[in-house]
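To start, the structure itself, in C-alpha coordinates.
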Amino acid sequence: MKQSKLQQFFKKPGPPDETDKRQENPNKPTEELHEVTEVQTGINPDSRANLGSDKNSKNCDQDMISLGEESGSSTESSESEESDSDDECVDERMNVKAKPKKKKTHYKHKFNSDWLSDKDLQKWVRKDEKDSTRFMCLVCNKSYIGGKTHALQHSKNKFHVKNFEAKQHTTDLANLCSSNVEFKKSVMLQKSVENAELKLSGFIAEHNLPFRVMEHLPGLLKNVFPDSVIAGKITCGRDKTRNIIVKKLAPDADQALSEKLQKCKFSILLDESTDKSVVKSMAVVARFWCPQLKRVCDRLLGLVEVPSATAQIMKGEVDKLLSVRNIPKENCIGFGWDNASVNMGEVTGLKALVKIDNPYVIVVGCVCHSLALCASNASKEIPLEFDEFVRDVYNYIQHSPKRIAAYAEFQGITDTKNHRLLKVCDVRWLSLESVVMRILEQWRALKVHFYEEFKVIKSASAEKVLKMMENVYTKLYLHFLGFILPQVNKLNILFQAEGVRLHCLCNEKKELTESQLNEKLMEDKDLSVLKAILEKKLYAKILAYLDS
(Lines give C-alpha, C1' and ligand atoms only; values in the text may rest on other atoms or scores of the structure.)
Protein backbone atom coordinates (compact mmCIF):
# COMPACT_ATOMS: atom_id res chain seq x y z
CA MET A 1 0.00 0.00 0.00
CA LYS A 2 1.23 3.49 -0.82
CA GLN A 3 2.27 5.66 2.07
CA SER A 4 0.42 8.86 2.72
CA LYS A 5 2.10 12.24 2.36
CA LEU A 6 2.06 12.71 6.12
CA GLN A 7 3.96 9.45 6.62
CA GLN A 8 6.43 10.44 3.93
CA PHE A 9 6.91 13.80 5.63
CA PHE A 10 7.80 12.23 9.00
CA LYS A 11 9.91 9.45 7.49
CA LYS A 12 13.45 10.68 6.76
CA PRO A 13 16.64 8.89 5.84
CA GLY A 14 18.97 8.16 8.69
CA PRO A 15 18.51 6.06 11.82
CA PRO A 16 15.50 3.84 12.11
CA ASP A 17 12.14 5.51 12.64
CA GLU A 18 11.25 6.20 16.25
CA THR A 19 7.72 4.92 15.66
CA ASP A 20 9.05 1.52 14.75
CA LYS A 21 11.26 1.57 17.83
CA ARG A 22 8.25 2.38 19.99
CA GLN A 23 6.42 -0.59 18.56
CA GLU A 24 9.42 -2.81 19.26
CA ASN A 25 9.83 -1.35 22.77
CA PRO A 26 6.35 -0.53 24.08
CA ASN A 27 7.65 0.12 27.57
CA LYS A 28 9.87 3.11 26.42
CA PRO A 29 9.15 6.29 28.34
CA THR A 30 6.88 8.84 26.79
CA GLU A 31 9.51 11.60 27.19
CA GLU A 32 11.64 10.08 24.46
CA LEU A 33 8.58 9.84 22.27
CA HIS A 34 7.85 13.46 22.88
CA GLU A 35 11.40 14.46 21.90
CA VAL A 36 11.28 12.44 18.70
CA THR A 37 7.91 13.85 17.80
CA GLU A 38 9.16 17.39 18.37
CA VAL A 39 12.17 16.91 16.15
CA GLN A 40 10.17 15.32 13.33
CA THR A 41 7.48 17.97 13.41
CA GLY A 42 9.92 20.85 13.54
CA ILE A 43 9.14 21.98 17.13
CA ASN A 44 12.06 23.57 18.92
CA PRO A 45 12.78 21.67 22.18
CA ASP A 46 13.64 24.95 23.90
CA SER A 47 10.10 26.20 23.26
CA ARG A 48 8.80 23.69 25.73
CA ALA A 49 10.11 25.84 28.53
CA ASN A 50 7.96 28.68 27.27
CA LEU A 51 4.90 26.55 27.13
CA GLY A 52 5.07 25.67 30.86
CA SER A 53 3.65 22.67 32.73
CA ASP A 54 0.07 23.76 32.45
CA LYS A 55 -2.75 21.77 31.05
CA ASN A 56 -2.49 23.27 27.60
CA SER A 57 1.04 21.98 27.12
CA LYS A 58 0.00 18.51 28.19
CA ASN A 59 -2.92 18.60 25.84
CA CYS A 60 -0.56 19.60 23.05
CA ASP A 61 1.66 16.62 23.82
CA GLN A 62 -1.33 14.33 23.89
CA ASP A 63 -2.44 15.69 20.56
CA MET A 64 0.97 14.91 19.08
CA ILE A 65 0.81 11.34 20.41
CA SER A 66 -2.71 10.86 19.13
CA LEU A 67 -1.66 12.31 15.82
CA GLY A 68 1.01 9.64 15.56
CA GLU A 69 -1.48 6.89 16.47
CA GLU A 70 -3.99 8.21 13.96
CA SER A 71 -1.36 8.22 11.29
CA GLY A 72 -0.72 4.53 11.98
CA SER A 73 -4.37 3.57 11.88
CA SER A 74 -5.08 5.67 8.82
CA THR A 75 -3.25 3.14 6.64
CA GLU A 76 -6.42 1.01 6.61
CA SER A 77 -8.64 3.85 5.23
CA SER A 78 -9.10 4.73 1.61
CA GLU A 79 -6.22 6.28 -0.30
CA SER A 80 -8.17 9.32 -1.53
CA GLU A 81 -9.35 10.40 1.93
CA GLU A 82 -5.86 10.03 3.42
CA SER A 83 -4.26 12.16 0.71
CA ASP A 84 -6.72 15.07 1.14
CA SER A 85 -6.56 15.15 4.91
CA ASP A 86 -2.75 14.78 4.92
CA ASP A 87 -2.24 17.70 2.46
CA GLU A 88 -4.30 20.04 4.60
CA CYS A 89 -2.50 19.04 7.75
CA VAL A 90 0.99 19.43 6.21
CA ASP A 91 0.22 22.87 4.79
CA GLU A 92 -1.17 24.04 8.10
CA ARG A 93 1.84 22.83 10.11
CA MET A 94 4.36 24.21 7.62
CA ASN A 95 2.79 27.65 7.78
CA VAL A 96 2.76 27.65 11.54
CA LYS A 97 5.90 25.85 12.66
CA ALA A 98 8.53 26.38 9.78
CA LYS A 99 11.31 28.96 10.46
CA PRO A 100 11.83 31.82 7.92
CA LYS A 101 14.98 31.43 5.78
CA LYS A 102 17.80 33.91 6.41
CA LYS A 103 18.91 36.05 3.45
CA LYS A 104 22.54 35.58 2.41
CA THR A 105 24.64 38.66 3.09
CA HIS A 106 26.82 39.88 0.19
CA TYR A 107 29.96 41.86 1.05
CA LYS A 108 31.22 44.40 -1.54
CA HIS A 109 34.97 44.38 -2.10
CA LYS A 110 36.76 47.71 -2.22
CA PHE A 111 39.92 48.59 -4.12
CA ASN A 112 43.04 48.05 -2.05
CA SER A 113 46.09 50.20 -2.69
CA ASP A 114 48.30 47.20 -1.88
CA TRP A 115 47.35 45.76 -5.28
CA LEU A 116 49.60 48.35 -6.92
CA SER A 117 52.63 46.69 -5.32
CA ASP A 118 51.65 43.20 -6.47
CA LYS A 119 53.85 42.12 -9.39
CA ASP A 120 50.90 40.36 -11.07
CA LEU A 121 48.56 43.36 -10.89
CA GLN A 122 50.64 46.55 -10.76
CA LYS A 123 51.23 46.73 -14.53
CA TRP A 124 47.58 46.93 -15.54
CA VAL A 125 45.21 47.40 -12.55
CA ARG A 126 44.17 50.85 -11.31
CA LYS A 127 41.47 52.24 -9.04
CA ASP A 128 38.16 53.29 -10.59
CA GLU A 129 37.75 56.94 -9.62
CA LYS A 130 33.98 56.80 -10.01
CA ASP A 131 33.34 53.70 -7.88
CA SER A 132 35.66 52.51 -5.10
CA THR A 133 34.19 48.98 -5.26
CA ARG A 134 35.44 48.48 -8.83
CA PHE A 135 38.91 48.22 -10.35
CA MET A 136 40.05 49.53 -13.74
CA CYS A 137 41.95 47.43 -16.31
CA LEU A 138 44.33 49.63 -18.31
CA VAL A 139 44.85 46.95 -20.94
CA CYS A 140 41.18 46.28 -21.71
CA ASN A 141 40.15 49.85 -20.82
CA LYS A 142 37.16 48.58 -18.83
CA SER A 143 35.94 48.67 -15.22
CA TYR A 144 35.21 45.46 -13.32
CA ILE A 145 33.64 44.68 -9.94
CA GLY A 146 35.28 42.31 -7.47
CA GLY A 147 38.27 41.79 -5.26
CA LYS A 148 41.80 40.60 -5.76
CA THR A 149 40.64 37.09 -6.67
CA HIS A 150 38.44 38.47 -9.44
CA ALA A 151 41.35 40.61 -10.69
CA LEU A 152 43.64 37.59 -10.86
CA GLN A 153 40.99 35.62 -12.71
CA HIS A 154 40.61 38.51 -15.17
CA SER A 155 44.35 38.50 -15.83
CA LYS A 156 44.02 34.93 -17.19
CA ASN A 157 41.28 35.88 -19.64
CA LYS A 158 42.37 35.22 -23.23
CA PHE A 159 41.25 38.68 -24.41
CA HIS A 160 43.20 40.32 -21.59
CA VAL A 161 46.31 38.28 -22.42
CA LYS A 162 46.03 39.19 -26.11
CA ASN A 163 45.66 42.90 -25.36
CA PHE A 164 48.49 42.80 -22.84
CA GLU A 165 50.91 41.25 -25.37
CA ALA A 166 49.92 43.82 -28.00
CA LYS A 167 50.50 46.66 -25.58
CA GLN A 168 54.04 45.49 -24.86
CA HIS A 169 54.98 46.39 -28.47
CA THR A 170 53.11 49.70 -28.49
CA THR A 171 54.39 53.00 -27.15
CA ASP A 172 52.07 54.36 -24.54
CA LEU A 173 50.47 57.67 -25.48
CA ALA A 174 50.94 58.88 -21.95
CA ASN A 175 54.70 58.49 -22.31
CA LEU A 176 54.67 60.40 -25.58
CA CYS A 177 52.80 63.33 -24.11
CA SER A 178 54.44 63.29 -20.70
CA SER A 179 57.08 65.71 -19.61
CA ASN A 180 59.52 62.94 -18.79
CA VAL A 181 62.97 64.40 -19.36
CA GLU A 182 64.64 61.07 -19.97
CA PHE A 183 62.06 60.10 -22.57
CA LYS A 184 62.50 63.38 -24.43
CA LYS A 185 66.27 62.99 -24.37
CA SER A 186 66.04 59.51 -25.87
CA VAL A 187 63.77 60.75 -28.67
CA MET A 188 66.09 63.66 -29.45
CA LEU A 189 69.11 61.35 -29.42
CA GLN A 190 67.43 58.96 -31.85
CA LYS A 191 66.61 61.83 -34.21
CA SER A 192 70.20 63.09 -34.02
CA VAL A 193 71.53 59.64 -34.88
CA GLU A 194 69.18 59.34 -37.87
CA ASN A 195 70.19 62.83 -39.03
CA ALA A 196 73.88 61.87 -38.81
CA GLU A 197 73.30 58.71 -40.84
CA LEU A 198 71.44 60.70 -43.51
CA LYS A 199 74.28 63.22 -43.78
CA LEU A 200 76.92 60.51 -44.03
CA SER A 201 74.92 58.78 -46.78
CA GLY A 202 74.53 62.09 -48.61
CA PHE A 203 78.29 62.67 -48.34
CA ILE A 204 78.93 59.26 -49.94
CA ALA A 205 76.53 60.04 -52.79
CA GLU A 206 77.79 63.60 -53.35
CA HIS A 207 81.45 62.61 -53.67
CA ASN A 208 80.76 59.35 -55.54
CA LEU A 209 82.48 57.20 -52.91
CA PRO A 210 82.03 53.42 -52.74
CA PHE A 211 79.53 52.05 -50.25
CA ARG A 212 82.26 49.92 -48.68
CA VAL A 213 83.62 53.04 -47.01
CA MET A 214 80.67 52.91 -44.59
CA GLU A 215 81.86 49.53 -43.33
CA HIS A 216 84.76 51.33 -41.61
CA LEU A 217 83.69 54.98 -41.26
CA PRO A 218 81.27 54.52 -38.28
CA GLY A 219 83.95 52.61 -36.36
CA LEU A 220 86.45 55.36 -37.13
CA LEU A 221 84.07 58.02 -35.83
CA LYS A 222 83.55 56.09 -32.59
CA ASN A 223 87.31 55.87 -32.14
CA VAL A 224 87.95 59.52 -32.99
CA PHE A 225 85.04 60.86 -30.90
CA PRO A 226 84.81 58.49 -27.90
CA ASP A 227 82.91 61.08 -25.83
CA SER A 228 80.17 61.53 -28.45
CA VAL A 229 76.96 59.64 -27.75
CA ILE A 230 75.70 60.21 -31.31
CA ALA A 231 78.87 58.79 -32.89
CA GLY A 232 78.66 55.76 -30.61
CA LYS A 233 75.14 54.90 -31.78
CA ILE A 234 75.72 55.21 -35.55
CA THR A 235 75.14 51.81 -37.16
CA CYS A 236 75.23 52.53 -40.86
CA GLY A 237 76.93 49.89 -43.03
CA ARG A 238 77.07 49.70 -46.79
CA ASP A 239 73.67 47.99 -47.15
CA LYS A 240 71.92 50.55 -44.97
CA THR A 241 73.71 53.39 -46.76
CA ARG A 242 72.60 52.08 -50.14
CA ASN A 243 69.00 51.77 -48.94
CA ILE A 244 69.04 55.29 -47.52
CA ILE A 245 70.35 56.74 -50.79
CA VAL A 246 68.20 54.68 -53.15
CA LYS A 247 64.94 54.56 -51.16
CA LYS A 248 65.03 57.83 -49.23
CA LEU A 249 67.35 60.52 -50.61
CA ALA A 250 66.98 59.78 -54.33
CA PRO A 251 63.13 59.76 -54.46
CA ASP A 252 62.92 62.94 -52.40
CA ALA A 253 65.49 64.69 -54.61
CA ASP A 254 63.72 63.56 -57.80
CA GLN A 255 60.35 64.70 -56.50
CA ALA A 256 61.71 68.11 -55.47
CA LEU A 257 63.41 68.56 -58.87
CA SER A 258 60.26 67.58 -60.77
CA GLU A 259 58.17 70.07 -58.79
CA LYS A 260 60.62 72.87 -59.61
CA LEU A 261 60.76 72.07 -63.33
CA GLN A 262 56.97 71.95 -63.51
CA LYS A 263 56.84 75.62 -62.54
CA CYS A 264 59.89 77.21 -64.20
CA LYS A 265 61.72 77.36 -67.53
CA PHE A 266 64.79 75.20 -67.98
CA SER A 267 67.32 73.85 -70.46
CA ILE A 268 68.50 70.28 -71.06
CA LEU A 269 72.11 69.19 -71.49
CA LEU A 270 72.79 65.77 -73.06
CA ASP A 271 75.90 63.62 -73.27
CA GLU A 272 76.42 59.98 -74.19
CA SER A 273 78.95 57.58 -72.75
CA THR A 274 79.82 53.86 -72.70
CA ASP A 275 80.85 52.20 -69.42
CA LYS A 276 83.05 49.17 -68.80
CA SER A 277 80.12 46.78 -69.29
CA VAL A 278 79.72 48.13 -72.84
CA VAL A 279 76.34 49.68 -72.03
CA LYS A 280 75.49 52.96 -73.71
CA SER A 281 74.06 55.51 -71.33
CA MET A 282 72.81 59.04 -71.83
CA ALA A 283 73.03 61.60 -69.03
CA VAL A 284 70.22 64.18 -68.96
CA VAL A 285 71.00 67.32 -66.95
CA ALA A 286 68.54 70.16 -66.31
CA ARG A 287 69.79 73.73 -65.94
CA PHE A 288 67.43 76.26 -64.33
CA TRP A 289 67.34 79.33 -62.14
CA CYS A 290 66.75 78.49 -58.47
CA PRO A 291 64.93 81.28 -56.57
CA GLN A 292 65.93 79.84 -53.19
CA LEU A 293 69.67 79.71 -53.96
CA LYS A 294 69.60 82.81 -56.16
CA ARG A 295 71.76 81.19 -58.84
CA VAL A 296 71.72 78.90 -61.86
CA CYS A 297 71.73 75.22 -60.88
CA ASP A 298 72.54 72.07 -62.79
CA ARG A 299 70.77 68.91 -61.58
CA LEU A 300 70.83 65.36 -62.94
CA LEU A 301 67.40 64.64 -64.33
CA GLY A 302 68.11 61.03 -65.27
CA LEU A 303 70.63 58.48 -66.55
CA VAL A 304 68.95 56.62 -69.41
CA GLU A 305 70.22 53.43 -71.00
CA VAL A 306 69.95 53.63 -74.80
CA PRO A 307 70.32 50.63 -77.15
CA SER A 308 71.74 52.83 -79.91
CA ALA A 309 72.92 56.45 -79.96
CA THR A 310 70.70 57.59 -82.83
CA ALA A 311 68.80 60.85 -82.97
CA GLN A 312 65.35 59.18 -82.91
CA ILE A 313 66.13 56.99 -79.91
CA MET A 314 67.65 59.82 -77.88
CA LYS A 315 64.72 62.11 -78.67
CA GLY A 316 62.24 59.41 -77.60
CA GLU A 317 64.07 58.76 -74.32
CA VAL A 318 64.08 62.44 -73.43
CA ASP A 319 60.35 62.78 -74.13
CA LYS A 320 59.62 59.65 -72.09
CA LEU A 321 61.63 60.96 -69.14
CA LEU A 322 59.75 64.27 -69.14
CA SER A 323 56.35 62.58 -69.36
CA VAL A 324 57.12 60.22 -66.45
CA ARG A 325 58.08 63.20 -64.27
CA ASN A 326 54.96 65.14 -65.41
CA ILE A 327 57.17 67.96 -66.71
CA PRO A 328 55.63 69.92 -69.63
CA LYS A 329 57.74 70.14 -72.77
CA GLU A 330 56.82 73.79 -73.17
CA ASN A 331 58.99 74.68 -70.18
CA CYS A 332 62.11 73.46 -72.00
CA ILE A 333 63.56 76.48 -73.85
CA GLY A 334 67.06 75.22 -74.71
CA PHE A 335 69.15 72.17 -75.56
CA GLY A 336 72.90 71.72 -75.31
CA TRP A 337 75.19 68.90 -76.48
CA ASP A 338 78.48 68.27 -78.23
CA ASN A 339 79.12 69.01 -81.90
CA ALA A 340 78.78 65.47 -83.22
CA SER A 341 76.87 65.09 -86.48
CA VAL A 342 74.20 62.91 -84.84
CA ASN A 343 73.37 65.87 -82.58
CA MET A 344 73.92 68.93 -84.78
CA GLY A 345 72.63 67.50 -88.08
CA GLU A 346 70.30 69.93 -89.82
CA VAL A 347 68.22 67.22 -91.54
CA THR A 348 68.14 64.02 -89.49
CA GLY A 349 70.07 65.08 -86.41
CA LEU A 350 68.76 65.58 -82.90
CA LYS A 351 68.69 69.32 -83.46
CA ALA A 352 66.29 68.95 -86.40
CA LEU A 353 63.93 66.66 -84.43
CA VAL A 354 63.81 69.07 -81.50
CA LYS A 355 63.03 71.98 -83.83
CA ILE A 356 59.98 70.13 -85.14
CA ASP A 357 58.28 70.12 -81.70
CA ASN A 358 59.38 73.63 -80.77
CA PRO A 359 60.74 75.83 -83.58
CA TYR A 360 61.80 78.53 -81.11
CA VAL A 361 63.96 76.33 -78.90
CA ILE A 362 67.61 77.39 -78.58
CA VAL A 363 70.16 74.72 -79.51
CA VAL A 364 73.77 75.37 -78.48
CA GLY A 365 76.75 73.16 -79.22
CA CYS A 366 79.67 72.68 -76.84
CA VAL A 367 81.70 75.90 -76.91
CA CYS A 368 84.68 74.21 -75.28
CA HIS A 369 84.63 71.61 -78.01
CA SER A 370 84.56 74.38 -80.62
CA LEU A 371 87.56 76.11 -79.05
CA ALA A 372 89.44 72.83 -78.92
CA LEU A 373 88.73 72.27 -82.61
CA CYS A 374 90.05 75.75 -83.35
CA ALA A 375 93.25 75.11 -81.44
CA SER A 376 93.62 71.68 -83.01
CA ASN A 377 93.29 73.05 -86.54
CA ALA A 378 95.72 75.86 -85.79
CA SER A 379 98.23 73.42 -84.34
CA LYS A 380 98.40 71.62 -87.68
CA GLU A 381 100.88 74.33 -88.74
CA ILE A 382 103.25 72.88 -86.13
CA PRO A 383 105.09 69.78 -87.37
CA LEU A 384 103.80 66.47 -86.04
CA GLU A 385 107.23 65.65 -84.58
CA PHE A 386 106.75 68.16 -81.80
CA ASP A 387 103.56 66.47 -80.62
CA GLU A 388 105.38 63.13 -80.59
CA PHE A 389 108.27 64.68 -78.70
CA VAL A 390 105.99 65.75 -75.84
CA ARG A 391 104.60 62.21 -75.52
CA ASP A 392 107.98 60.45 -75.86
CA VAL A 393 109.48 62.41 -72.98
CA TYR A 394 106.79 61.21 -70.59
CA ASN A 395 106.68 57.61 -71.81
CA TYR A 396 110.47 57.13 -71.64
CA ILE A 397 110.93 58.27 -68.03
CA GLN A 398 107.67 57.70 -66.14
CA HIS A 399 107.22 54.06 -67.24
CA SER A 400 110.46 52.89 -65.59
CA PRO A 401 111.20 53.18 -61.84
CA LYS A 402 114.94 52.94 -62.57
CA ARG A 403 114.83 55.90 -64.97
CA ILE A 404 112.72 57.89 -62.53
CA ALA A 405 115.38 57.43 -59.85
CA ALA A 406 118.16 58.36 -62.29
CA TYR A 407 116.26 61.42 -63.46
CA ALA A 408 115.80 62.55 -59.84
CA GLU A 409 119.61 62.60 -59.45
CA PHE A 410 119.99 64.87 -62.47
CA GLN A 411 117.32 67.18 -61.04
CA GLY A 412 119.49 67.63 -57.98
CA ILE A 413 122.65 68.19 -60.06
CA THR A 414 121.06 70.86 -62.27
CA ASP A 415 119.26 72.49 -59.31
CA THR A 416 115.83 71.78 -60.87
CA LYS A 417 112.61 71.39 -58.90
CA ASN A 418 111.76 67.79 -58.10
CA HIS A 419 108.52 67.65 -60.09
CA ARG A 420 107.03 64.72 -61.98
CA LEU A 421 106.45 64.88 -65.71
CA LEU A 422 102.87 65.16 -66.91
CA LYS A 423 100.97 63.21 -69.54
CA VAL A 424 98.93 64.66 -72.39
CA CYS A 425 95.29 63.62 -72.24
CA ASP A 426 93.47 63.57 -75.54
CA VAL A 427 90.05 64.01 -73.91
CA ARG A 428 91.04 66.92 -71.64
CA TRP A 429 91.89 69.82 -73.89
CA LEU A 430 93.30 71.97 -71.08
CA SER A 431 96.02 69.44 -70.21
CA LEU A 432 98.42 70.41 -73.00
CA GLU A 433 99.26 73.72 -71.39
CA SER A 434 100.46 72.18 -68.12
CA VAL A 435 102.48 69.53 -70.00
CA VAL A 436 104.32 72.12 -72.11
CA MET A 437 105.02 74.32 -69.09
CA ARG A 438 106.43 71.36 -67.14
CA ILE A 439 108.82 70.42 -69.99
CA LEU A 440 110.11 73.97 -70.21
CA GLU A 441 110.62 73.98 -66.43
CA GLN A 442 112.59 70.70 -66.53
CA TRP A 443 114.47 71.43 -69.77
CA ARG A 444 118.02 71.43 -68.38
CA ALA A 445 117.55 68.24 -66.33
CA LEU A 446 115.87 66.49 -69.26
CA LYS A 447 118.62 67.36 -71.69
CA VAL A 448 121.36 66.09 -69.35
CA HIS A 449 119.41 62.92 -68.57
CA PHE A 450 118.79 61.96 -72.23
CA TYR A 451 122.41 62.78 -73.14
CA GLU A 452 123.61 60.41 -70.40
CA GLU A 453 121.13 57.73 -71.49
CA PHE A 454 122.32 57.96 -75.10
CA LYS A 455 126.04 57.91 -74.27
CA VAL A 456 125.95 55.09 -71.68
CA ILE A 457 123.02 52.83 -72.62
CA LYS A 458 122.93 53.60 -76.33
CA SER A 459 119.11 53.77 -76.29
CA ALA A 460 117.46 54.53 -79.63
CA SER A 461 114.48 56.17 -77.93
CA ALA A 462 116.78 58.42 -75.92
CA GLU A 463 118.67 59.32 -79.09
CA LYS A 464 115.40 60.36 -80.82
CA VAL A 465 114.37 62.59 -77.93
CA LEU A 466 117.87 64.09 -77.64
CA LYS A 467 117.91 65.07 -81.34
CA MET A 468 114.58 66.86 -80.90
CA MET A 469 115.92 68.76 -77.90
CA GLU A 470 119.03 69.84 -79.82
CA ASN A 471 116.78 71.25 -82.57
CA VAL A 472 116.41 75.01 -82.05
CA TYR A 473 112.82 75.17 -83.29
CA THR A 474 111.65 72.62 -80.71
CA LYS A 475 112.09 74.98 -77.80
CA LEU A 476 110.72 77.88 -79.90
CA TYR A 477 107.49 76.03 -80.57
CA LEU A 478 107.23 75.10 -76.88
CA HIS A 479 107.65 78.73 -75.89
CA PHE A 480 104.95 79.78 -78.33
CA LEU A 481 102.55 77.11 -77.05
CA GLY A 482 103.39 78.09 -73.47
CA PHE A 483 102.30 81.63 -74.32
CA ILE A 484 99.23 81.12 -76.50
CA LEU A 485 97.65 78.13 -74.73
CA PRO A 486 96.98 80.03 -71.46
CA GLN A 487 95.13 82.67 -73.48
CA VAL A 488 92.94 80.04 -75.18
CA ASN A 489 92.41 78.09 -71.97
CA LYS A 490 91.43 81.23 -70.11
CA LEU A 491 88.63 81.79 -72.57
CA ASN A 492 87.75 78.08 -72.46
CA ILE A 493 87.47 78.12 -68.66
CA LEU A 494 84.95 80.95 -68.84
CA PHE A 495 82.57 78.69 -70.74
CA GLN A 496 83.05 75.92 -68.15
CA ALA A 497 82.44 78.13 -65.13
CA GLU A 498 79.54 77.27 -62.86
CA GLY A 499 78.43 80.87 -62.50
CA VAL A 500 77.26 83.35 -65.12
CA ARG A 501 80.15 84.87 -67.09
CA LEU A 502 78.38 86.51 -70.02
CA HIS A 503 79.58 89.96 -68.99
CA CYS A 504 83.21 88.76 -69.14
CA LEU A 505 83.19 86.94 -72.47
CA CYS A 506 83.20 90.02 -74.67
CA ASN A 507 86.21 91.63 -72.97
CA GLU A 508 88.18 88.38 -72.92
CA LYS A 509 87.62 87.73 -76.60
CA LYS A 510 88.58 91.30 -77.40
CA GLU A 511 91.85 90.97 -75.49
CA LEU A 512 92.64 87.74 -77.28
CA THR A 513 91.93 89.05 -80.77
CA GLU A 514 93.75 92.36 -80.38
CA SER A 515 97.39 92.71 -81.29
CA GLN A 516 98.75 92.18 -77.80
CA LEU A 517 100.96 89.36 -79.00
CA ASN A 518 103.47 91.73 -80.61
CA GLU A 519 103.73 93.76 -77.39
CA LYS A 520 104.52 90.71 -75.27
CA LEU A 521 106.91 89.25 -77.83
CA MET A 522 108.86 92.52 -77.93
CA GLU A 523 109.69 91.94 -74.30
CA ASP A 524 111.44 88.69 -75.28
CA LYS A 525 115.17 89.28 -75.67
CA ASP A 526 115.54 86.46 -78.21
CA LEU A 527 114.53 88.11 -81.51
CA SER A 528 114.99 84.81 -83.32
CA VAL A 529 112.00 83.46 -81.44
CA LEU A 530 109.85 86.35 -82.70
CA LYS A 531 111.13 85.82 -86.25
CA ALA A 532 110.38 82.10 -86.22
CA ILE A 533 106.87 82.57 -84.88
CA LEU A 534 105.98 85.34 -87.31
CA GLU A 535 107.24 83.31 -90.27
CA LYS A 536 104.98 80.37 -89.42
CA LYS A 537 101.96 82.70 -88.90
CA LEU A 538 100.52 80.45 -86.22
CA TYR A 539 98.76 83.21 -84.32
CA ALA A 540 96.97 84.40 -87.46
CA LYS A 541 95.54 80.90 -87.93
CA ILE A 542 94.15 80.82 -84.39
CA LEU A 543 92.56 84.26 -84.74
CA ALA A 544 90.93 83.23 -88.00
CA TYR A 545 89.26 80.19 -86.36
CA LEU A 546 88.17 82.20 -83.32
CA ASP A 547 86.53 84.89 -85.48
CA SER A 548 84.69 82.25 -87.50
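This chain uses plain numbering: 1 for the first residue, then up along the sequence.
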So do the side chains of [X] and [Y] get within less than 4.5 Å of each other, counting heavy atoms only?
{"X": "Leu301", "Y": "Leu261", "answer": "yes"}
{"X": "Met437", "Y": "Leu478", "answer": "no"}
{"X": "Lys351", "Y": "Asn343", "answer": "no"}
{"X": "Leu116", "Y": "Arg126", "answer": "yes"}
{"X": "Gln398", "Y": "Ile404", "answer": "yes"}
{"X": "Arg287", "Y": "Leu269", "answer": "yes"}
{"X": "Lys464", "Y": "Glu388", "answer": "yes"}
{"X": "Cys332", "Y": "Ser267", "answer": "no"}

Inset, instruction - Tell me yes or no: between the side chains of Thr414 and Thr416, is some donor less than 3.5 Å from an acceptor? - result: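 On atom types as modelled, these side chains qualify, holding a pair under 3.5 Å.
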
Inset, instruction - Can you tell me which residue pairs pass the salt bridge (charged side-chain N to carboxylate O under 4.0 Å, His left out) test with a partner in residues 472-484, sequence neighbours excluded? - result: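 Output for this query is empty, none listed.
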
Near-ring test [Y]/[X], centroid separation under 6.0 angstrom:
{"X": "Phe203", "Y": "His207", "value": "yes"}
{"X": "His154", "Y": "Trp124", "value": "yes"}
{"X": "Phe386", "Y": "Tyr473", "value": "no"}

Legend entry - side chain to side chain contact (heavy atoms under 4.5 Å, CB included) evaluation trace for Val318 with Met282: CA-CA 10 Å; Val318 173; Met282 180 178 63; 4.0 Å; yes

Inset, instruction - May I ask you to decide if the ring planes of Tyr394 and His399 are parallel, tilted or perpendicular, using 30° and 60° as cut-offs? - result: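 Because their plane-to-plane angle is over 60°, the rings of Tyr394 and His399 count as perpendicular.
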
Inset, instruction - Kindly assign one of parallel, tilted or perpendicular to the pair Trp337 and Phe335, based on the angle between their ring planes and the thresholds 30° and 60°. - result: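 Tilted, since the angle between the ring planes falls between 30° and 60°.
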
Inset, instruction - Quick one: pull up SG in Cys264 and CD in Glu259 and give me the separation to the nearest 0.5 Å. - result: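 Answer for the SG-CD pair, Cys264 versus Glu259, is 11.5 Å.
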
